[in-house]
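Here's the structure we're looking at; comments come further down.
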2 protein chains.
Amino acid sequence: MTAPAGRAPTERADAARNRLRVLEAARRLLAADGFTELSLDAVAKEAGVGVGTVYRRFHNRPGLVYALIEDNETRFQEAFTRHCADGAPSAHDRLRAFLHGMAELVDDNRELLLLAEASAPAGRYRSAPFRRHHEQIAGMVTELAPGADAAYLADLLLMAYTPGLFDFQRTERGWDVDRIKGGLDVLIDGIGAAEEADRRLSHQ
Amino acid sequence: MTAPAGRAPTERADAARNRLRVLEAARRLLAADGFTELSLDAVAKEAGVGVGTVYRRFHNRPGLVYALIEDNETRFQEAFTRHCADGAPSAHDRLRAFLHGMAELVDDNRELLLLAEASAPAGRYRSAPFRRHHEQIAGMVTELAPGADAAYLADLLLMAYTPGLFDFQRTERGWDVDRIKGGLDVLIDGIGAAEEADRRLSHQ
DNA sequence: ACATCAACCGGAGAACTCTCCGTTTGGTGG
DNA sequence: CCACCAAACGGAGAGTTCTCCGGTTGATGT
């Protein structure tokens, strides 16, 4: 009668049980074999279910891995919402907080994200998290620089968190998260400054 | 004696013959089956060589597809070099020309690039073209804004050409190339403006 | 011409992804 | 308690990717 509070209307008991089994099996295999590979075949075997079950529920590897990360993502969103409620910060400050927080979120889940997007990287732009983040960033950019192409700038800002790039910068280039945050700051200031310059020009 | 002018020192005749066969077979299959898939097994069969031969020479699908695009890339580089020779344009103008030209290059080869990075997207950052472009862009950014983190900004500018994103913007969002160029212009101006603002602040 | 050998060839085979569909089962209304 | 069926299960199988290694061959020096 009452929906089980977890998922969509009335998830069957066996489905719920198997969902947990699969997620736990995935965590177990990742802990054992490292974060560089995760065969869904192996996950199914470890979970004691058929491969069909795994694929029906999670669609593909990114789907499974995102399910593993979901909690961190919602915590990040809550933290951001809380920050916005504190003393009504300016668009500039909110954007900065969002981008910095995002950098930390991605850094914390670097290996998992990398694994997720090793396959099906094109699906990223259609995914729900990407769309949501895009909307949020575009909103703040519009506020900060009403004249600029907010949608495009939001795209580019989001690309800063592409797992492959992020990991490359952190690992191969040896940059720390602060350097990345600093780079993003330049961009934020640049967007604001370009807008200002634009305004001065057209109001001259 | 004389190197065959094509490749590394003394490519064997059979190797050269097979290389061409494979490339032609790939073009044939792409023309026939569309640009959404390209099985290297099928390419090998079509070319009349073993799969091992294909993989040894091109390593993986991106490798093969990049070989297919290589000509366009060198034409782009030559055009850019020519532009830089014309009347010594400013860093701002050169960067703008480079980014716009790149947008057209990527647009022209959209389908192939998308195909190439459908697998092995992480390899992108280590690839020779990426490194070369990065260096070129970073150089111009340094000239334009000596205070900013040129390496980071170059990374981000290059991410604008990620095949998945580019195709998404063009196809799903229905943007034309000019809109993308316009978005890049805002960024270029922003980088310059932020730098200027920075300078004013520190010289105050 | 011929011997030598590094480089190349080819395809069997291991591992993986994802689909398809016949079978089973949890939930519900009578 | 039972009958019903939408939903979930599972694993065989088709299609790929990529590796490995025994066999072959093109280039070179004599």
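So that the names make sense, note that chain A is the first sequence line, chain B the second, and so on, each numbered from 1.
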If the condition is side chain to side chain contact (heavy atoms under 4.5 Å, CB included), which residues does Ala122(A) pass it with, not counting sequence neighbours?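 Side chain to side chain contact (heavy atoms under 4.5 Å, CB included) list for Ala122(A), sorted by chain: Arg126(A).
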Among residues 35-42 of chain A, which residues get a heavy atom nearer than 4.0 Å to DNA chain C?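 Residues of residues 35-42 of chain A under 4.0 Å from DNA chain C: Leu38(A), Ser39(A), Leu40(A), Asp41(A).
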In this structure, how many angstroms lie between the [atom2] atom of [N] and the [atom1] atom of [X], rounded?
X: Asn60(A); N: dC18(C); atom1: CG; atom2: P; value: 6 Å
X: Leu64(A); N: dT17(C); atom1: CG; atom2: P; value: 11 Å
X: Arg61(A); N: dT17(D); atom1: CZ; atom2: C1'; value: 13 Å
X: Arg17(A); N: dA7(D); atom1: CZ; atom2: P; value: 19 Å
X: Lys45(A); N: dA12(D); atom1: NZ; atom2: C1'; value: 14 Å

Going 5' to 3' through nucleotides 1-11 of chain C, assign each nucleotide B (protein heavy atom under 4.0 Å from a base atom), S (under 4.0 Å only from sugar-phosphate atoms) or - (no protein heavy atom that close). -----BBSBBB
Applying salt bridge (charged side-chain N to carboxylate O under 4.0 Å, His left out) as the test, list every pair that has at least one member in residues 134-155 of chain A; sequence neighbours left out.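 Pairs touching residues 134-155 of chain A that pass the test: Arg94(A)-Glu143(A), Asp149(A)-Arg179(B), Asp155(A)-Arg173(B).
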Which salt bridge (charged side-chain N to carboxylate O under 4.0 Å, His left out) pairs, counting each pair once, include a residue from residues 32-51 of chain B, with sequence neighbours left out?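 Passing the test, one end in residues 32-51 of chain B: Arg28(B)-Glu46(B).
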Hey, can you pull the donor-acceptor pairs under 3.5 Å for the side chains in residues 80-92 of chain A, sequence neighbours left out?
unit_1, atom_1, unit_2, atom_2, d
Thr81(A), OG1, Gln77(A), O, 2.8
Ser90(A), OG, Asp93(A), N, 3.2
His92(A), NE2, Asp189(A), OD1, 3.1

Do Arg57(B) and Glu11(B) sit within salt-bridge range, that is, some charged N less than 4.0 Å from a carboxylate O?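 Salt bridge flag = yes for Glu11(B) with Arg57(B).
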Under the rule for salt bridge (charged side-chain N to carboxylate O under 4.0 Å, His left out), what residues qualify as partners of Glu24(B), not counting sequence neighbours?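 In terms of salt bridge (charged side-chain N to carboxylate O under 4.0 Å, His left out), with neighbours along the sequence ignored, Glu24(B) is linked to no residue.
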Between side-chain atoms of residues 97-105 of chain A and protein atoms elsewhere (two or more places apart, or another chain), which donor-acceptor pairs fall under 3.5 Å?
unit_1, atom_1, unit_2, atom_2, d
His100(A), NE2, Asp185(A), OD1, 2.9
Glu104(A), OE2, Lys181(A), NZ, 2.3

Can I get a per-line list of side-chain donor-acceptor pairs under 3.5 Å for residues 109-121 of chain B, giving both atom names and the distance, sequence neighbours left out?
unit_1, atom_1, unit_2, atom_2, d
Arg110(B), NE, Asp167(B), OD1, 3.1
Arg110(B), NH1, Asp107(B), OD1, 2.9
Glu117(B), OE1, Arg124(B), NE, 3.4
Glu117(B), OE2, Tyr66(B), OH, 2.5

